[in-house]
Amino acid sequence: MATTPAHTLSRRPLTIPPLPCPFPSEINPHAVEVDAESHAWLAASGMLAGTGTIDHFRRSKIGILAARTNPTVPRESLRLINDWYNWLFAFDDAFCEGDQVGNRASALARALPPLLEILDGGGEPEDPFGRSLKELLHRISDSATPAQVDRWRTTVKEYLFAQVWEAANREIDLIPTPDDYILMRRITGATYTCFALIDVGGGYRLEAEEWHHPDVRALSDLACDLIGWDNDLLSWAKERGRDKARHNLVTVLATHRTRGVQRALEEVAAMHNAAIAAFIARRAALERWASIVVRRYVRGLEHWVRGHIEFSLESARYIQAWPTGTRWPQAG
């Protein structure tokens with residue numbers, strides 16, 4: 001563990017290493033209209049504080065992330081998934097990054113029980129986040145089996161609890177070790193809450209024994225790692241201004257290993273390449289036994305990995321945070 005150092009941008013232009021990805025790049029044909037509808041839902045929910053925040057979320061086009069990571073789902077499923085992504089981004093903005101709660105582990109912990117009660121089917125929420133979460137739970141329950149709902153609910157609870165760990169680190173100005181960070185990144189990023197909706201959105205059912213099969217778990221973990229690490233690499237400059245990029249693999253490596261931002265960027269890219277190779281190898285093992293349903297889920301993981309890269313490279317929220325002269329790759 002270490003306290004936060006000041007990782008300054010070098011006078012020499014930084015080069016963002018390429019993130020080669022062999023998975024197909026696709027986008028849902030309903031992207032634009034569903035993005036607009038979901039943003040209107042978010043703006044009306046009361047979860048966003050003021051017109052400035054509402055406009056910021058509109059420009060972020062979170063619906064394009066939903067459309068790129070779920071390119072083949074029907075329109076109504078895309079809308080549900082898009083609304084869930086918007087809830088996550090709004091919650092992160094208000095609770096996890098806000099000065100009143102995000103830097104105080106005890107305050108964040110006290111805010112969680114009402115949300116946990118809603119996830120368990122109880123409670124009468126009085127705040128917009130609770131009301132929106134309850135609405136989403138009901139909508140997911142209308143589309144999913146009880147087992148699928150329980151799977152999603154469990155991943156959301158894990159995500160919420162993990163935010164307390166991040167808040168505790170902020171409270172004492174701490175940068176986690178690489179091992180601790182890589183382990184927790186799988187939970188803090190809420191990616192598994194989205195993976196739990198892949199089969200729901202696609203209109204099929206991954207059975208419990210399939211969800212927990214070692215090959216499926218390994219591929220899910222690798223995809224989750226790829227999404228988290230790629231996000232950390234591409235968003236590092238943006239996060240420096242908000243949280244000193246404390247919870248970012250680039251900062252973690254630059255602090256504990258490489259002692260330099262460019263070298264840390266290159267190490268993250270090398271980790272990406274190794275994880276892609278491991279994913280392809282494990283997928284080959286899975287294909288020897290996998291059903292059509294399991295193969296559809298794995299293709300959903302691939303859509304997530306590639307779709308996230310494409311969205312990030314198109315996103316002004318990430319690109320514009322880097323200094324002029326930064327060299328950017330294209331997704332391979």
Side-chain angles (χ1 to χ4, degrees), residues 27-98 101 111-112 114-119 121 123-144 148-149 152-153 155-157 159-160 163 189-203 300 303-304 307-308 311-312 314-317:
I27 189 166
N28 196 292
H30 305 293
V32 175
E33 61 266 32
V34 170
D35 177 46
E37 291 175 6
S38 186
H39 177 73
W41 171 85
L42 177 64
S45 71
M47 289 188 286
L48 303 182
T51 57
T53 304
I54 291 172
D55 190 56
H56 166 73
F57 270 75
R58 180 187 57 78
R59 294 194 309 271
S60 296
K61 295 188 178 298
I62 294 163
I64 303 304
L65 174 64
R68 282 204 171 277
T69 54
N70 300 272
T72 62
V73 303
R75 190 186 195 283
E76 58 272 21
S77 296
L78 181 63
R79 172 62 196 278
L80 174 61
I81 292 167
N82 199 154
D83 288 355
W84 173 238
Y85 289 13
N86 268 322
W87 191 95
L88 287 170
F89 275 89
F91 180 83
D92 181 74
D93 191 67
F95 284 83
C96 306
E97 303 298 344
V101 179
L112 296 186
L115 298 177
L116 299 174
E117 186 178 10
I118 290 165
L119 288 168
E124 290 299 329
E126 299 179 357
D127 70 286
F129 287 93
R131 288 194 297 269
S132 299
L133 182 62
K134 189 166 188 174
E135 176 197 326
L136 287 163
L137 173 61
H138 288 162
R139 289 165 60 193
I140 291 170
S141 299
D142 288 342
S143 302
Q148 288 174 312
V149 174
W152 174 79
R153 185 164 35 208
T155 61
V156 176
K157 289 180 180 179
Y159 160 73
L160 292 174
Q163 304 316 302
T191 311
Y192 261 105
T193 74
C194 302
F195 288 176
L197 296 178
I198 289 176
D199 60 338
V200 176
H303 285 147
W304 240 107
H308 171 263
F311 169 78
S312 299
E314 295 169 354
S315 175
R317 65 190 265 126

Lys61 and His39: side-chain contact (heavy atoms from CB on, under 4.5 Å), yes or no, with the steps?
CA-CA 8 Å; Lys61 295 188 178 298; His39 177 73; over 6 Å; no
Rounded to the nearest 0.5 Å, what's the gap from [atom1] on [X] to [atom2] on [Y]? Could you check?
| X | Y | atom1 | atom2 | value |
| --- | --- | --- | --- | --- |
| Lys157 | Leu112 | NZ | CG | 12.0 Å |
| Ile27 | Ile64 | CD1 | CD1 | 5.0 Å |
| Leu80 | Ser143 | CG | OG | 5.5 Å |
| Leu160 | Thr155 | CG | OG1 | 9.5 Å |
| His308 | Leu65 | NE2 | CG | 7.0 Å |
| Ile140 | Ser77 | CD1 | OG | 11.0 Å |

If you look at every heavy atom in [X] and [Y], which pair is closest and at what distance?
| X | Y | value |
| --- | --- | --- |
| Ala196 | Trp152 | CB-CA, 3.8 Å |
| Arg131 | Ser45 | NH2-O, 4.4 Å |
| Ile81 | Gly201 | CD1-CA, 4.2 Å |
| Val156 | Leu119 | CG1-CD1, 3.7 Å |
| Asp83 | Trp41 | O-CZ3, 3.5 Å |
| Pro125 | Ile118 | CB-CD1, 3.6 Å |

Distance-only polar pair, side chains of Glu33 and His30, donor-acceptor under 3.5 Å:
yes
Answer yes if the side chains of Thr69 and Tyr85 hold a donor-acceptor pair under 3.5 Å, and no otherwise.
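There is such a pair (donor and acceptor under 3.5 Å, judged by atom type) between the side chains of Thr69 and Tyr85.
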Quick one, Tyr159 with Leu88, criterion side-chain contact (heavy atoms from CB on, under 4.5 Å). Give me CA distance, side-chain angles, the key distance, then yes/no.
CA-CA 10 Å; Tyr159 160 73; Leu88 287 170; 3.8 Å; yes
Electrostatic pair Arg68:Glu314 at N-O distance under 4.0 angstrom:
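Salt bridge present between Arg68 and Glu314.
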Side-chain ion pair, Arg139 and Asp142, N-O less than 4.0 Å:
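A salt bridge is absent here (no side-chain N lies under 4.0 Å from a carboxylate O).
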Asp199, Thr191, Leu197, Thr193 screened by side-chain contact (heavy atoms from CB on, under 4.5 Å) with Phe195, the one that passes
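Option passing the side-chain contact (heavy atoms from CB on, under 4.5 Å) with Phe195: Thr191.
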Is there a side-chain contact between [X] and [Y], using heavy atoms and a 4.5 Å cut-off?
| X | Y | value |
| --- | --- | --- |
| Val200 | Val149 | no |
| Phe91 | Leu115 | yes |
| Trp304 | Cys194 | yes |
| Asp93 | Phe57 | yes |
| Asn86 | Met47 | no |
| Leu133 | Trp84 | yes |
| Arg58 | Asp55 | yes |

What verdict does the side-chain contact (heavy atoms from CB on, under 4.5 Å) test give for Leu48 and His56, after you've listed the backbone C-alpha separation in whole Å, the side-chain angles of each residue and the deciding distance to 0.1 Å?
CA-CA 10 Å; Leu48 303 182; His56 166 73; over 6 Å; no
After noting the C-alpha distance and the side-chain angles of Ile198 and Val73, does the key distance pass the side-chain contact (heavy atoms from CB on, under 4.5 Å) rule?
CA-CA 9 Å; Ile198 289 176; Val73 303; over 6 Å; no
Would you say Asn82's side chain and Leu78's backbone share a donor-acceptor pair under 3.5 angstrom?
no
